[in-house]
Amino acid sequence: MKTTWKMMQIKEMSGSPVASCLSLAAPGPGEVLVGLRAAALNFADLLMTKGQYQETPPLPFIPGLEGAGEVLAAGAGVALAPGTRVVVQGQGTMAEANLFPAESCHPIPDAMGYDEAAGFLIAYGTSHFALTLRAGLRKGETLAVLGAAGGVGLTAVEIGAALGARVIAVARGADKLAVARAAGASDCIDSETCPDLRAALRDLGGVDVVYDPVGDAPGEAAFGALHPGGRFLVIGFAGGKPPALPLNHALVKNIAIHGFYWGGYRKLDPALLRQDIAALFALYEQGRLRPHVGATLPLERLAEGYELLASRRSTGKVIVSI
């Protein structure tokens, strides 16, 4: 008898995601069947429900880009044994079980719980890779993080502090700034009450690196506070549109603008991506990273998770338990 597992599938994108139950067969060569225990929501998931993400799959599809669970079965040529606890980066993690390429699954440290692991890879991977390998952030430099209490922003604060940088956190409201300060921010700017972000950053001495997952006017303002030789990291556009960066200023001040899409490195340089993931797990095991889970919801309340992202009421990661 062939064993099957249930999973959820998005059927339409008007309003809340609509799901249906499917069945799943055994893994083929190079595949792993993972029983998911938890999955994380990312801003990309929200864009997918609107058909606006650059890699939105055709309908119908299973939502979720990352999660964590146990290997239930492995196909031919796969070294991951059943029972191995893994973090997964791949389409379709909002399911009781799903098939993934073995190369998308990574064993997790024994001390790491499923909720922490589910939201670890993309957010921390984005921030660590962007700050170290793209921006070359150095000890003693000043890093400004926009959206500093969000899923990726908070990890940038934490990693920047761990690298020895002075971190200026920009977020909306005292509660979010308190979360950013607890993650290692030295200075905080409340975007809700700040009339001139560029001036506020300059008053704090200016910045060497800007980490921008927000875009729009905040990104443009932060760009204006960069020192000569500074670096601007384009991470995302949660504010609705890209910032209008003055390229003539980039030329005169020798400012580097780095676009960074973590998922793109699966094809661009998978070996470098695996190297960065190993470095992240090492930092976790050393106790230098403490993932922040802002909310945990059961799978049947997935629509509430999307609303938390859309309203920007969440801090850290929104986790769905399965």
Side-chain angles (χ1 to χ4, degrees), residues 42-44 46-47 52-53 123 126-127 130-131 134-135 137 141-161 165-181 183-228 230-250 253 255-262 294 308-317:
N42 291 278
F43 192 71
L46 185 62
L47 293 178
Q52 297 175 351
Y53 192 58
T126 295
S127 294
L131 290 173
R134 297 293 280 170
L137 181 67
E141 289 192 313
T142 298
L143 165 69
V145 180
L146 307 186
V152 291
L154 194 60
T155 64
V157 171
E158 192 174 2
I159 289 171
R166 173 198 178 202
V167 181
I168 302 173
V170 182
R172 183 178 299 175
D175 291 345
K176 289 187 175 182
L177 289 176
V179 171
R181 192 176 292 279
S186 303
D187 299 276
C188 294
I189 296 173
D190 189 341
S191 60
E192 197 168 42
T193 59
C194 177
D196 189 337
L197 177 58
R198 179 174 66 175
L201 290 169
R202 286 180 170 179
D203 287 345
L204 289 170
V207 299
D208 299 295
V209 176
V210 171
Y211 183 97
D212 180 20
V214 177
D216 208 353
E220 185 177 354
F223 182 90
L226 278 167
H227 294 146
R231 289 86 77 200
F232 188 94
L233 289 165
V234 181
I235 303 300
F237 313 116
K241 61 181 180 180
L245 301 181
L247 297 185
N248 56 324
H249 291 191
K253 296 174 70 175
I255 291 172
I257 301 170
H258 297 284
F260 184 75
Y261 168 42
W262 187 85
L308 280 174
L309 290 184
S311 63
R312 302 188 192 180
R313 290 184 289 117
S314 60
T315 59
K317 297 295 288 192

I need the [X] [atom1] to [Y] [atom2] distance, nearest 0.5 Å.
| X | Y | atom1 | atom2 | value |
| --- | --- | --- | --- | --- |
| Leu47 | Leu309 | CG | CG | 10.0 Å |
| Leu308 | Arg313 | CG | CZ | 4.5 Å |
| Ser191 | Leu177 | OG | CG | 7.5 Å |
| Ile255 | Leu245 | CD1 | CG | 9.0 Å |
| Lys253 | Asn248 | NZ | CG | 11.0 Å |
| Tyr261 | Thr126 | OH | OG1 | 9.5 Å |

Find out whether Lys317 and Asn42 are in side-chain contact, i.e. whether some heavy atom of one side chain is under 4.5 Å from a heavy atom of the other. yes
What heavy-atom pair brings [X] and [Y] nearest, and what distance separates the two atoms?
| X | Y | answer |
| --- | --- | --- |
| Ala144 | Leu201 | CB-CD2, 4.2 Å |
| Ile189 | Ala200 | CD1-CB, 3.9 Å |
| Leu154 | Ala183 | CD1-CB, 3.7 Å |
| Ala156 | Leu131 | O-CD1, 3.9 Å |
| Ala149 | Ala171 | N-CB, 4.2 Å |
| Ile235 | Ala130 | CD1-CB, 4.1 Å |

So Ile257 and Phe223, side-chain contact (heavy atoms from CB on, under 4.5 Å) or not? Walk me through it. CA-CA 10 Å; Ile257 301 170; Phe223 182 90; 4.2 Å; yes
So, does Asp190 use its side chain to make a donor-acceptor pair with the main chain of Glu192 at under 3.5 Å? yes
Using modelled atom types and a 3.5 Å cut-off, is there a donor and acceptor pairing between side-chain atoms of Arg312 and backbone atoms of Ala238? yes
Exercise answer: donor-acceptor pairs, residues 203-216 side-chain atoms, under 3.5 Å, sequence neighbours excluded:
residue	atom	partner	partner atom	Å
Asp208	OD1	His227	ND1	3.0
Asp208	OD2	Thr142	N	2.8
Tyr211	OH	Ser127	OG	2.8
Asp212	OD1	Val214	N	2.8
Asp212	OD1	Gly215	N	2.7
Asp212	OD2	Gly215	N	3.2

List for me each residue that meets salt bridge (charged side-chain N to carboxylate O under 4.0 Å, His left out) alongside Lys176, sequence neighbours excluded, and say none if there are none. none
Those residues at least two apart in sequence (or on a different chain) that pass salt bridge (charged side-chain N to carboxylate O under 4.0 Å, His left out) with Arg166 are Asp187
Considering only residues two or more places apart or on different chains, which pairs with a residue in residues 141-159 satisfy salt bridge (Lys or Arg N to Asp or Glu O under 4.0 Å)? Arg138-Glu141, Glu141-Arg231
Under the ring-ring contact (aromatic ring centres under 6.0 Å, His included) test, residues paired with Phe237 that sit two or more places apart: none
Is it the case that over 12 heavy atoms from other parts of the model lie below 6.0 angstrom from the CZ atom of Arg134? yes
Can you list everything that forms a side-chain hydrogen bond (donor to acceptor under 3.5 Å, both in side chains) with Thr193? Sequence neighbours excluded, please. none
